[in-house]
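Read the structure below first, then the notes.
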Number of protein chains: 2
Amino acid sequence: MATTPTRERILDAALVAWGTRGYEATSLDVLAAGLGITKQSILYWYPSKEALLDALIARSAQELAGAMNAALEGAGNGWAKVEAVVRSVFRLAARRPELLGLVREVSRLGPPAATRMTLELQPLVRRASEFLETEMDAGRMRRHDPNLLLLAIYSTVIGMVTEVDVLRAFGEEPTARSLVRRRTDVLQLLRSALMTG
Amino acid sequence: MATTPTRERILDAALVAWGTRGYEATSLDVLAAGLGITKQSILYWYPSKEALLDALIARSAQELAGAMNAALEGAGNGWAKVEAVVRSVFRLAARRPELLGLVREVSRLGPPAATRMTLELQPLVRRASEFLETEMDAGRMRRHDPNLLLLAIYSTVIGMVTEVDVLRAFGEEPTARSLVRRRTDVLQLLRSALMTG
DNA sequence: CCATCTCCCTACCAAATGGTAGACAACGAC
DNA sequence: GTCGTTGTCTACCATTTGGTAGGGAGATGG
């Protein structure tokens, strides 16, 4: 197994720390200590904390968009495809729970970080919107504002983060499996609202 | 108009600042400057930053629970009541947009803050759960896990915060009115999934 | 064997943070 | 008038933060 280069290891550590404890709450020193290096080594690879966040956003957005795009371009249509896309996110989130946490964190941070991530994901959103319109034109889905549907689906996905928070507040650490099952159930609630027939 | 006592003004300022920019991101100095006082005056009323957060959580949870309780104890049943409760939150959030922001922020902060808020809202959650069970027993609502339904409804409400973030990422400041309309639409999506007949 | 480049380190620094100590003005009670 | 209380302030402080300057070990290449 090839040793991961420092550059990537820093991104990994930042993803975990910032996606769970938060950006302001995790200093470069703490980040470095967890990697067995010093803060100055981080600043060698990334000129500032903000630059590191920027790089992390770029990589994470690409990872998310990549997974969803694959499902979106794949076979099938109607509800099956909606489910396939959402499931692709769940699979990713089960492997890297901090990814969704980072999305939540970045959107909370506001511009310029949030703007950056939003722009990065925009092509994907547009493609998803087009898909929904096609489905509605074909009569396979009830007619709604596509952006509204995307928002509802997005809420379902990002709700996973909230759910983790709530469970943690009770001192309970949820398993990836239980989370995915639960979120899939919530998704099913949407199904009967969205689909015709 | 009676001048609001300092104690309350501090809570108000903290709610706005922490509910939008975040807890770690807003120092006591900044908070005090906005009030035209010094950090030491804040520390006179609240022994520490954490104690201030604690007091803020208590007051905010009470405010939220109070509004929802009134709607929950009111007349009506079935979907009308679900809508009444959610609308009561929307009305509150339209007047004090930072309230939901604080809920999001606190759940992100994790224990002990999140635990505190969760406990504070627990009675309300239990009562809501009982209401849903009554409705299902009476056949006015499809049978589901009540906690699942609450989670779905909660996602709809808290999604308002996410929506604000996303819009702000595009440099757009949403109006309270447009937000409420939008969220009500999302809520309607749930309706057909939940109700019988 | 020397020069260069890569990568991480030690040593600092200025600014900001949460918090403490204590002075001081206003004010009501006696 | 004096005394205690209340509420705010100025003056500090220790620690932490993001960031800079520069040294040095080790590989690489001529």
Side-chain angles (χ1 to χ4, degrees), chain A residues 1-59 102 105-106 108-114 116, chain B residues 1-59 102 105-106 108-114 116:
Chain A
M1 154 176 155
T3 54
T4 318
T6 306
R7 252 192 97 90
E8 296 300 312
R9 289 179 58 223
I10 294 172
L11 283 181
D12 291 338
L15 173 62
V16 173
W18 293 349
T20 56
R21 276 185 300 168
Y23 176 73
E24 299 101 334
T26 314
S27 68
L28 293 181
D29 273 318
V30 169
L31 223 54
L35 288 166
I37 61 178
T38 65
K39 160 180 62 174
Q40 285 72 14
S41 285
I42 295 181
L43 289 168
Y44 169 78
W45 292 105
Y46 303 93
S48 70
K49 191 182 184 184
E50 209 183 329
L52 172 56
L53 175 62
D54 212 57
L56 181 60
I57 289 175
R59 194 188 74 166
L102 184 75
E105 178 72 359
V106 167
R108 181 191 69 91
L109 286 173
R116 175 70 195 268
Chain B
M1 155 177 153
T3 53
T4 319
T6 306
R7 251 193 97 92
E8 296 300 313
R9 290 179 57 222
I10 294 172
L11 283 181
D12 290 338
L15 174 61
V16 174
W18 294 348
T20 55
R21 276 185 300 168
Y23 176 72
E24 299 102 333
T26 314
S27 68
L28 292 181
D29 273 316
V30 169
L31 223 54
L35 287 167
I37 60 177
T38 65
K39 160 180 63 174
Q40 285 72 14
S41 284
I42 295 182
L43 288 168
Y44 169 78
W45 292 106
Y46 303 93
S48 69
K49 190 181 184 184
E50 208 182 331
L52 172 56
L53 176 62
D54 212 55
L56 181 59
I57 289 175
R59 194 189 74 166
L102 185 76
E105 178 72 359
V106 167
R108 181 190 70 90
L109 286 173
R116 175 70 195 268

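Just the heavy atoms: all of them, side chains too, but no hydrogens, waters or symmetry mates, feed the values below. Lettering of chains follows the sequences in order, A, B, ..., and the numbering in each one begins at 1.
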Any B/Trp45 side-chain N or O less than 4.0 Å from OP1/OP2 of D/dT6: no
Base D/dG18 paired with A/Lys39 side chain (donor-acceptor, <3.5 Å): yes
Phosphate OP1/OP2 of C/dC7 contacted by A/Tyr44 side-chain N/O (<4.0 Å): yes
Distance in angstrom units between B/Leu52 CG and C/dT17 P, rounded: 15 Å
For atom CG of A/Asp54 and atom P of D/dG18, their distance in whole Å: 17 Å
Atom pair distance, as rounded to whole Å: CG in B/Leu31 and P in C/dA16: 17 Å
OP1 or OP2 of C/dC8 under 4.0 Å from side-chain N/O of A/Thr6: yes
Short side-chain N/O contact to D/dC9 OP1/OP2 from B/Ser41, under 4.0 Å: yes
Contact summary for A/Leu28 and A/Leu52, nearest pair of heavy atoms: CD2-CD2, 4.4 Å
Phosphate OP1/OP2 of D/dT8: any B/Thr38 side-chain N/O under 4.0 Å: no
Nearest-0.5 Å distance, CD1 of residue A/Ile10 to OH of residue A/Tyr44: 11.0 Å
Distance, rounded to the nearest Å, where B/Arg7 contributes CZ and D/dT8 contributes P: 12 Å
Sugar-phosphate only, base, or nothing, as touched by A/Leu43 at under 4.0 Å among non-hydrogen atoms: base
Gap separating the CZ atom of A/Arg116 from the CG atom of A/Leu56, nearest 0.5 angstrom: 10.5 Å
B/Arg9 CZ - D/dG7 C1' separation (whole Å): 13 Å
B/Glu24/A/Arg21 under salt bridge (Lys or Arg N to Asp or Glu O under 4.0 Å): CA gap, chis, key distance, verdict: CA-CA 11 Å; B/Glu24 299 102 333; A/Arg21 276 185 300 168; over 6 Å; no
d(OH, A/Tyr46; P, C/dC7) in whole Å: 13 Å
B/Ile42 CD1 to C/dT20 P, straight-line distance once rounded to whole Å: 14 Å
B/Ser27 and B/Lys39, any side-chain heavy atoms less than 4.5 Å apart: no
Whole-Å distance separating the CG atom of A/Leu53 from the P atom of D/dG19: 12 Å
Minimum-distance nucleotide (side-chain atoms of A/Gln40 versus D/dG19, D/dT17, C/dG18): D/dG19
